Structure formats: C-alpha cells, structure tokens
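Beneath this line is the structure, given in structure tokens, with notes to follow.
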Amino acid sequence: MALAAVMASRRRAMGWLWRRGMAGESKTEGEKLERVRNIGISAHIDSGKTTLTERILFYTGRIGAIHEVRGKDGVGAKMDSMDLEREKGITIQSAATYTRWGDYDVNLIDTPGHVDFTVEVERALRVLDGAVLVLCGVGGVQSQSITVDRQMRRYGVPRLCFVNKLDRAGADPWKVIAQLQEKLKLHACAVQLPIGLEEEHRGVVDLVARKAYYFEGKDGIDMQVRDVPSELREETETRRLQLVEAVAEVDDQLAESFLLEEDPTTDQLRTAIRRQTIQRTFAPVFMGSAFKNKGVQALLDGVVEYLPCPSEVENIGLDLTKDEQRLVIGGSTSDSLVALAFKLEEGRYGQLTYLRMYQGKLKKGDTIHNMTTGKRVKVPRLVRMHSDEMEDVESAQSGDIVAVFGVDCSSGDTFTDNTVKLSMESIKVPDPVMSLAIMPKSKLGMAQFSKALNRFQREDPTFKVSLDPDTNQTIISGMGELHLEIYIERMLREYNCETEAGKPRVNFREALTQRSKFDYLHKKQTGGSGQYGRVIGYIEPLPEGYPVNFEFVNELVGNNVPPAFIPAIEKGFREACNAGTLIGHPIDNVRVVIQDGAAHVVDSSELAFKLASLYAFRQAYSGASPVILEPVMRVDVVVPSEFQGSVIGDINKRKGLIVNSDQEADDVTVTAYVPLNNMFGYSTDLRSMTQGKGEFTMEYLKHDPVPQDLQKDLSENFTKTRIMH
C-alpha cells in the first residue's frame, strides 16, 4: 500500500478526532496547550505495554511498520532500543517518544514492568499528566499492577485502563474490572464492550456513542465505524446504563439527569467521564488486543478525549525564598521558566538530560539556572526523543517533554531562568536491597570499569557503588538480581569490560529497640592545644512509619556546650549511624537527644565534639538492645493448582509467611512474605518443582528483625572478618 493511502486510512480510522482537530491551524497559546497529552504506559511485566506502544506509533504514522517484542524479526520493538531489551523481551529503561493523533501532540513514555526497574516508572509518572494502566485479559490485576497503582496515586496521575490480550484463551474483561474494583479499590467501569472474545474477538462497541468499531485491512489499520450488531444491542444498553450509573455516582451534573431518568447524550456522558477521570474519581476501561491490532485507535481517541492537558493538572513547586513553602505552578508559557530533569542518559554526544517543561519557554542557546547547585548552564542543543533517535528543535514550551545535551546535573534537579527561585518536588527513590562484590577480570579493564560504574550511577539513582573498607572490594547495590545482572551484562557489551562477580548478598540494616543513655567525655592531651568535648543525652528508636530515618533533638539549656559546636555534634551522630557495631551496616530509625555537655575554653573544637558524639553513640548503642533487620519481599507465585502443596511447602522451608492463596480457573496465586536472603536460586527451584509451569514476581516490602540464631551467626562472622583484616 502506498504511503499516501496508508495515511488516508489512518485519518479515516481517527474519525471525529481528525475532522474536529484539523479545523483552523492558527491557535492561541491556551489552545495549543489544550491539545497536548503527556502520557505513560505502565503495567505488570508481560501485559503487552511495549506491543501496545508499537501499535500506537504505527497508527499515528510515527513508524512505517510493526515489529514485535523480543526482536524475533531481527528488528524488535521501536521503544526497546537496547539490544538486551530486544533479546530478553523486557523493557529495562523507560523510553520517550513524541507523536501526533489528529491535531493532538502526544508525548509518550513506555515504562518497565519488572519490579527491579521500578525507579523508571517513578520517574515517568512524576512528570506525566495521565497514564494508561495495561492489564492482561487473562491474568488481570497482578502484583506489579498493584505497585504501579500505588505510584499513580502517589503522584496523583489520572488513568485509563486498557484490558489487553482479549484474543487469548480464558480472557475475561469483566473479571478484570471486578479485580480493579476489589483489589485496587478503583471506581472503574467499562466504556466499551468486546465484540467476541478469544479467537472470535473482532472489535469493540463504544458504549458512550453506541457505535461498533471493527479493525480491518493490513495490520488493522482501517477502523470501520458501524451500527451495533443486533445480537449485542440489548447488552450494549444494559452496560451503558451501568456506565451512566457509575459516573453519576461521582458526577453531580450527570446525577441530576440520571435521577430524572433522562438518557444522557454522547457529549454529556463524554464530558462527565472526562471531568471525573481528571479528578481521579473514575477510571474508564477500554478493551482490545494490541498484538492482534484491535482497539488501539479507539484507545487513542480515549487518551485525547478523557486524559488531561498540562493546564488541567495541578503541579506543586517549592518556593526556595520562603523555606520551601508549597505553591501551585501556573503552567503558562508566558510565565518564568520552570523545568525538571527527570532522567539522565550517557549518549554518543555526552550526557542527555530529559526535561519536563512545567512553565515558560526554553530556546536553543538559552542560559538556565540549576536550583540545586546554583550553577548557570547554556543549552547548546535541544531535541525531541523518539526512543533512541532524536530530532532537533529550536524551542520548547510549557507541557513539553524534551531533552538537552551538555547540561551537567543530577536526576531530580530543577531549572529556571533565575527570575523565580522554585524547585519541583523530587522523585521518590527506593533504597537498594541487594549487593554483590565485583571486579574487572584484568587490570587493563579498570579504566573502562570505573567509567561504566560512574555512568550507571548518574543514570540510575537506585544503582549504588561503594568500597568495602575491610576487603577493599568494589560493591554494587541494586533492586534485585536481574537489576545487577543487567548492569554486569552492559559493562561487557557497552564497555568491553569482563567482570568477576561474587555471590549476591542482601542489604541488612541495624536498629535500636529501646532507649539508652550516654554520657561521654572525649579528652586528649598532646603537645599544644588538646581535644575536649563532653556530651550527655540518650538515643531511642523512632516510631514506625516516621517520615525521616534520623532525627537530632537539641534540648540543651544554657551554654555548657557553645552553640557553634552543635552542627559538629549532629554530624558525629549521623556518621555513627552509617555503620553499626553488630555487622557494620547502616542503623535505621534513630532519634538522638542531647541534653547537656561540657566544653573547655582552649581545648574544645568541632573535631573534639564530633569524636565525642561518635564514641558516645557507640557507648549507648550496646545498651539499646540492637537488632539486625533483613529485607522481606512480597512474593507472588502463580502455578497450576496441582503444584500448590509443593510451592507452599517450599515457601515454609524458606521461612516465608503465606498471606493469601487465590484460585482462578486451573491456576492458583500464592502470596507470601519471604526474607530476601532465602530467595536466592528460587526461579530454578520453582521451575523444577512445577515442570517449568510456575512463575513468580517479587518486590521489596519492608525490613524485619532476623531470628536470634541468625543474628548471632552474622555478628560472629562480622567479628571474625574484621579480625582477619
């Protein structure tokens, strides 16, 4: 089919949107902003996110052909630009692209589904105005769906739901909607009705407009709008009434019509759904099969019809001139520039920084100010991203997602034109839960090894590098085995650096369980001025769920300790919490209260009080009944029901706590809380237990105290290692 004919088919498929949008090219700034959508696509692993994104790019004319995930055709999905992504068939990094649907600009981010790459989802949702939550029509709401839902709520992101894979055996969209309501507590309702399921899936009925959509021609490119088939008319009316009732429950305007038993028009219902979707009180559910090219164009219509434009979302900034007081960002192009760096990448031309424009304009060559570091930087190049390809642009405005080269910054930094002192709230970054020792195989690879580690740390805030003070080994830490494996593999592929890795180990922590007093005098006399500092007070555990991990409380009365030394005392206690005496791991949830002390006119100094604080903490720590905490994971195992006994028995052996067991058709889903230390090698064991039919997902839940016998073993091993070194 010639390109012109393909584009004509796509325009026909876009129906009312194309006709409505193309009228009038000259628009005011407000109208331009109304026609921008910043959306993300998120879901549980293997729900079809990247496949859906590939179809969206194809139907919007962004790519000329469809390629499949896993690169079976030698090309791979456009948004999986890394070789590793194409081989493994998973998304590792969130990828950004820009496309158009009718007269609407759509900035689209495809995010990972694997829990090890959660920070990529966090980054995307922080800067998006709306999202599509993709669900498998067979699997329904799964563990990572719950995680993504929690993230969407945290950042206040309105969402549409898309029930995918309706062509698969066992697909049941109504079961999935029930799970959305029960498990995610969403006020969700279908805005579509499938025309057939499994092998019979041919299209969808739009319940709002009472029209049937069929997807015909090569790759489903031609969306045909027809009357509802006679056999589905009764169900269409029943389901539409359910939809009207669901929206009327949260929308006062529609409720009036509903109580008067009036049938709302298409526009009335559409407007009410949009109003409540943006308010996050309603989640419309769309249906289809991305792989079979069904329902994608109708979903795109839903994106522009129901999800908000940048000016309809309330973005909160922090006023740096008023002690970080929260304020609403205006969002107008005519206001002062405010942009957030939400993702970094090392590219062929240096560091690439992704920016979300919240306010104002940015032009190539402009000078911008980093609110975190105070540095001024010039923007030499401004680009729009299309996965790993880029298009140069001269300027960007409020609502855009662009990337800049040559700007040295960190993820989460805010940029302005320096006429305002604002910072956007930063991105939540979870702490790593797993570590391993790593070294290059040859000394010649040391330079590349260091270069790779530096780059990966800048790109990914959940990837940490440290040096073991006892063994001098390089330790890398991350969110799980797969996370660390990917980086080791990338070192080999991208830096030609072969490495040797030790056995993975979990990131333990230490904690206090009771209050303990300290009264420590640090006194050292040498030639000349000596050191003198005394601190008196107590340490205690912080309450569970406390917003900070360390709290320093100054209860000093009088000038026994001069105020100039207080920062040094706090610094000493903070440093003491970096490594406990049980196993040398960081100490969590500590409150330090200083009540009294003493100073010497000549010998007291910042160093003296810092050392006094360090030793005082160690003195009090043993009296606070310290415990070792280990990461506990939420594990969801899906297996055929005949293997349920074996799986539960194995989880019990791993000291796991079974919290739920759900039977669905022939499969059972077992949910358990298991110490991460006992989960190594689980995927191999699960495969052998279930003849390869079992699968599991795992995400960090909390840190809990280890059993007494394990605490004793860990402490003894730590002491032996220190003596040896």
Side-chain angles (χ1 to χ4, degrees), residues 33-34 36-43 94 96 106-111 118-135 141 144-162 180-181 183-189 247 249-251 272-285 302-319 324-332 338-343 354-359 398-401 411-412 414 422-430 545 547:
L33 207 54
E34 280 173 15
V36 173
R37 297 289 182 271
N38 292 318
I39 66 161
I41 295 186
S42 304
S94 56
V106 181
N107 291 304
L108 179 68
I109 295 187
D110 172 34
T111 56
T118 291
V119 75
E120 293 287 337
V121 185
E122 293 268 357
R123 281 168 162 170
L125 290 176
R126 172 65 184 83
V127 298
L128 295 174
D129 303 321
V132 178
L133 176 61
V134 183
L135 301 137
V141 173
Q144 187 70 358
S145 318
I146 296 166
T147 303
V148 169
D149 171 70
R150 199 162 51 238
Q151 291 164 333
M152 286 180 183
R153 288 177 197 268
R154 182 184 303 132
Y155 294 114
V157 179
R159 93 280 296 272
L160 309 180
C161 302
F162 181 67
L180 284 170
Q181 294 163 346
K183 292 187 178 180
L184 302 187
K185 302 293 184 279
L186 279 181
H187 190 56
C189 191
V247 180
E249 281 179 30
V250 289
D251 188 85
I273 292 171
R274 175 179 177 76
R275 231 180 352 251
Q276 298 313 317
T277 302
I278 292 170
Q279 290 295 320
R280 304 192 307 280
T281 56
F282 183 73
V285 181
V303 163
V304 299
E305 188 61 22
Y306 299 132
L307 288 179
C309 69
S311 61
E312 291 173 306
V313 176
E314 189 177 88
N315 293 304
I316 303 294
L318 305 175
D319 189 340
E324 297 198 349
Q325 188 178 316
R326 290 163 64 90
L327 55 88
V328 178
I329 302 289
S332 170
V338 179
L340 177 74
F342 68 94
K343 180 175 164 61
Y354 285 78
L355 289 180
R356 161 67 202 263
M357 301 282 296
Y358 282 103
Q359 190 172 279
S398 176
D400 286 344
I401 292 177
S411 184
T414 302
L422 284 177
S423 175
M424 301 305 294
E425 290 176 302
S426 199
I427 299 158
K428 185 179 187 295
V429 178

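Since we're looking at a predicted model, the values are computed, not measured.
Using a 4.5 Å cut-off on side-chain heavy atoms (C-beta onward), N38 and R356 make contact. For the pair L135 and C161, the minimum side-chain heavy-atom distance is below 4.5 Å. Residues I401 and L128 form a side-chain contact, since some pair of their non-hydrogen atoms from C-beta on lies under 4.5 Å apart. The shortest side-chain heavy-atom distance between R159 and V132 does not fall under the 4.5 Å cut-off. Within the 4.5 Å cutoff, side-chain heavy atoms of I316 are placed close to those of V328.
When the side-chain hydrogen bond (donor to acceptor under 3.5 Å, both in side chains) test is applied to R153, the partners found at least two apart in sequence or on another chain are D149. Residues forming a side-chain hydrogen bond (donor to acceptor under 3.5 Å, both in side chains) with R37 (at least two apart in sequence, or on another chain): none. S398 meets the side-chain contact (heavy atoms from CB on, under 4.5 Å) test with L33, T333; sequence neighbours excluded. Under the side-chain contact (heavy atoms from CB on, under 4.5 Å) criterion, V313 pairs with D129, P308, N315, sequence neighbours left out. Listed by chain and residue number, R126 satisfy the side-chain hydrogen bond (donor to acceptor under 3.5 Å, both in side chains) test with Y358 (two or more places apart in sequence, or in another chain). Listed by chain and number, the residues in a side-chain hydrogen bond (donor to acceptor under 3.5 Å, both in side chains) with E312 are R274 (sequence neighbours excluded).
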Please walk me through it: do Q181 and L186 pass side-chain contact (heavy atoms from CB on, under 4.5 Å)? CA-CA 5 Å; Q181 294 163 346; L186 279 181; 5.9 Å; no
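Minimum interatomic distance between P158 and L307 (heavy atoms only, all atoms of both residues): O-CD2, 3.9 Å. The two residues V250 and F282 make their nearest non-hydrogen contact at CG2-CB, 4.5 Å. The two residues P284 and T277 come nearest to each other via the heavy atoms CD-OG1, 3.4 Å. When every heavy atom of V247 is checked against every heavy atom of A272, the shortest pair comes out as CG1-CB, 3.8 Å. Scanning both residues, V36 and G399, for their nearest heavy atoms gives CG1-O, 3.9 Å. The two residues S145 and L184 have their closest heavy-atom pair at O-CD2, 4.4 Å.
Note: L355 CG to L340 CG = 8.0 Å, rounded to the nearest 0.5 Å. Once rounded to the nearest 0.5 Å, the distance linking CG of L422 with CG of D319 reads 6.0 Å.
In terms of modelled atom types and a separation under 3.5 Å, the side chain of T281 and the main chain of Q276 share a donor-acceptor contact.
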